[in-house]
Protein chains: 2
Amino acid sequence: MAGPTLRDVAKRANVSIRTVSNVVNGYAPVSEELRARVQAALDELDYRPNLIARNLKQGRTGMIALVVPELDVPYFAELAREVITAARARGYVVMIDQTDGDGERERELLGRDSRATMFDGLLLSPLTVSAEELRARGNRVPIVLLGEHIFNGSFHHVAIDNVAAAREATGHLLGLGRRRVAAIGDQPYATGETAQLRTAGYRQAHARAGVEVDERLIVPTPHFHRRLGAEAMESLLALPEPPDAVFCYNDLLALGAIRALIRAGRRVPDDVAVVGVDDIEEGQYSTPSLTTIAPDKGEIARQAVNTLLATINGEATAPAEIVVPHRLIVRESTGGS
Amino acid sequence: MAGPTLRDVAKRANVSIRTVSNVVNGYAPVSEELRARVQAALDELDYRPNLIARNLKQGRTGMIALVVPELDVPYFAELAREVITAARARGYVVMIDQTDGDGERERELLGRDSRATMFDGLLLSPLTVSAEELRARGNRVPIVLLGEHIFNGSFHHVAIDNVAAAREATGHLLGLGRRRVAAIGDQPYATGETAQLRTAGYRQAHARAGVEVDERLIVPTPHFHRRLGAEAMESLLALPEPPDAVFCYNDLLALGAIRALIRAGRRVPDDVAVVGVDDIEEGQYSTPSLTTIAPDKGEIARQAVNTLLATINGEATAPAEIVVPHRLIVRESTGGS
DNA sequence: TGAGAGCTCTGCAACGATGCAGACATCATG
DNA sequence: CATGATGTCTGCATCGTTGCAGAGCTCTCA
């Protein structure tokens, strides 16, 4: 199983190990004749450098890890794709792990036996671990946080402006003349910071439009999955005065809500207009297609990777909140095309 | 940036490096008193083992790589999730890379400078690389293939019985009384082996039902994406005698086709019934929900990981075709619920 | 001709960990 | 008391690579 080493090649070509290494890496000048001889030996033995040894010597692996709650949530899958692409452009590969939103799993990462030391850096999209914990665990590996708003000056953090995004989404619905706009996805507890920012934006939009918020229209959900969106929608439809529009905190909730609406015989957008967040590909092809807040995922990935690599390379900058642009895409679920 | 090493800890605790290593790993017996002293030093310095060094010494990394065409294709995302879970259960972590269906990228993996040597094994879902190439490149890393049918005795290969699956899907539509059943997704060229197997199953079902195949109803698509499904459906609707049912070679094609049907004012399943393959979560929540062939993804992942680890551990078995079960799930798009 | 410069090439040490063999002390046994 | 067994602990070599310093040779030019 173990392949040939520099030693084997050196022996075959009758040169020093060091010279073979030089040929492989093109470091030092090597005469044409010797180079040819070494190259022949390399080819004959089909030598492959042992990257682990190289990494040990050089103190870096060329790998970063991306840790997300769930890889089969389309938003994370699409983001992962962008991260892989951005990392490859910089010569890095990406290890992906998922935590299932399980705090234990997230904490494992910071533990003593974590494999985190195998990576040059970590991109982390934490659900339950707080920034304080992260800092306390004092992992020596550079970290950049994604999405969740737990910025407190300790880490770089890349995200869209969640308040503005929610304000625009809600404002769009109010601008259509809807007056009973529901919100699905609030998380009024410690680890639900992103959700809370969106609720704040939802309230701001109402305030600006001079419309009073009916607190019964704000439905919290512990996760952002289709099923919970459908259930939340069903409970909203059971209200004496059901909503005529819904702002869902992500696209999956929105798609679940739409499913529930159609099952209940409501028309979308005629009876109830729906907006989501994330712009997952599915929303372009659903029936009706989904109006959504589209974060620039490519930019999120590039910013995150660039910031992480800068930290890795010691071009340290103070931890910062990096805001990435987003835009509202109007599709059929609110009357667009 | 560099953390403390065994040497640092040893110096602090006034013991040998070897003893610290023993404490860390619990290998050899160490007296209570010494253990406590070493442990204290470990804690004070917040020692983390350097996994790269450990890996170099032990000749394995505890990492496997999963290479898929596109991570944001739901099937692959869901499969990736299962693979990560299965690998974790066996103490392995998973590096994920995507090739974008680009032959170059796939071939890079086998090239001299590939990072493949950093992994104990490779799970590969190739689109364009043939088994011959794989074998010729003679990568020393154990490989298990996923999904594509390019088995030729050189590699382990995990997949469902594609012919049977397609036969069942098509048979289901014929069993509903449909007589003009289209097929979307054929790939009648060298690297489209899976698609060809499904086409074979499609023909078998027709033969068994005594229905003649109208060749114009078989629409090839170079990829399995929503957009191509929609376009294929549009071309089918433009036929003088459009189909009354469609078997799509994956769920994304099916969802695209449904989208096109609804836009064209056709009812699903009343006018046209639709079946897909993959059972991605989206199909449960789409409108209408999607009838599909559901491969047992968890089992695919477990079989693939187990086979790969067996190979890694030298429990070599002859390369084999490992068939994983699938089943037809009837939902609204063919009249189910 | 000899010193210096320049070009190739080499050996040694090191990255941080673990495998192995053995040193040393202690204890039980005949 | 000698012997061997047992239990702790240590030093050396090693994994496969690269950094560093320098060896040996050729060539130039005074």
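Computed from a predicted structure; not experimentally measured. Note on naming: letters A, B, ... go to the chains in the order of the sequence lines (proteins, then strands), and numbering restarts at 1 for each one.
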Would you mind telling me which of [options] lies closest to the side-chain atoms of [X]?
X	options	result
A/Ser31	C/dT8, C/dT10, C/dG16	C/dT8
A/Tyr47	D/dT18, D/dT8, D/dT17	D/dT17
A/Lys57	C/dT18, C/dG11, D/dG16	D/dG16
A/Arg54	C/dC9, D/dG16, D/dT18	D/dT18
A/Leu56	C/dT10, D/dT10, C/dC15	C/dC15
A/Arg18	D/dG11, C/dT10, D/dG16	C/dT10
B/Leu6	D/dC9, C/dT18, C/dT10	C/dT18

Q. Just checking A/Leu34: base, sugar-phosphate only, or nothing, at a heavy-atom cut-off of under 4.0 Å?
A. sugar-phosphate
Q. Reckon B/Asn22 touches a base, only the sugar-phosphate, or nothing at all at heavy-atom distances under 4.0 Å?
A. base
From [atom1] of [X] over to [atom2] of [N], roughly how many Å is that when rounded to an integer?
X	N	atom1	atom2	answer
A/Met118	C/dC15	CE	C1'	17 Å
A/Arg7	D/dA13	CZ	P	14 Å
A/Ile52	C/dA17	CD1	P	15 Å
B/Arg37	D/dT8	CZ	P	15 Å
A/Arg48	D/dT17	CZ	P	13 Å
A/Leu51	D/dG16	CG	P	13 Å
A/Ile17	C/dA14	CD1	C1'	14 Å
A/Gln58	C/dG16	CD	P	13 Å

(Q) Just so I know, are the side chains of A/Leu66 and A/Ile64 near enough to count as touching, which here means a heavy-atom distance under 4.5 Å? (A) no
Q | Side-chain heavy-atom pair B/Thr19, B/Leu34 within 4.5 angstrom cut-off | A | yes
Taking only side-chain nitrogens and oxygens of [X], does any of them come within less than 4.0 Å of OP1 or OP2 of [N]?
X	N	answer
B/Ser16	D/dT10	yes
A/Asn55	D/dT17	no
B/Ser21	C/dT18	yes

**Q.** Nearest-nucleotide 5' precedence on DNA chain D, A/Ala53 against B/Thr19
**A.** B/Thr19
Q: Measure from the side-chain N and O atoms of B/Lys297 to the backbone N and O of B/Asp278, and report whether any donor-acceptor pair falls under 3.5 Å.
A: yes
Q: For residues A/Arg60 and A/Asn55, report the shortest heavy-atom separation together with the two atoms involved.
A: O-OD1, 3.0 Å
Q.
I'd like to know if B/Arg81 and B/Glu78 make a salt bridge, using a cut-off of under 4.0 Å between side-chain N and carboxylate O.
A. no
**Q.** Whichever of B/Asn25 and A/Val15 has its nearest DNA chain C nucleotide further upstream toward 5'
**A.** A/Val15
Q) Would you say the side chains of A/Arg90 and A/Asn306 form a donor-acceptor pair under 3.5 Å? A) yes
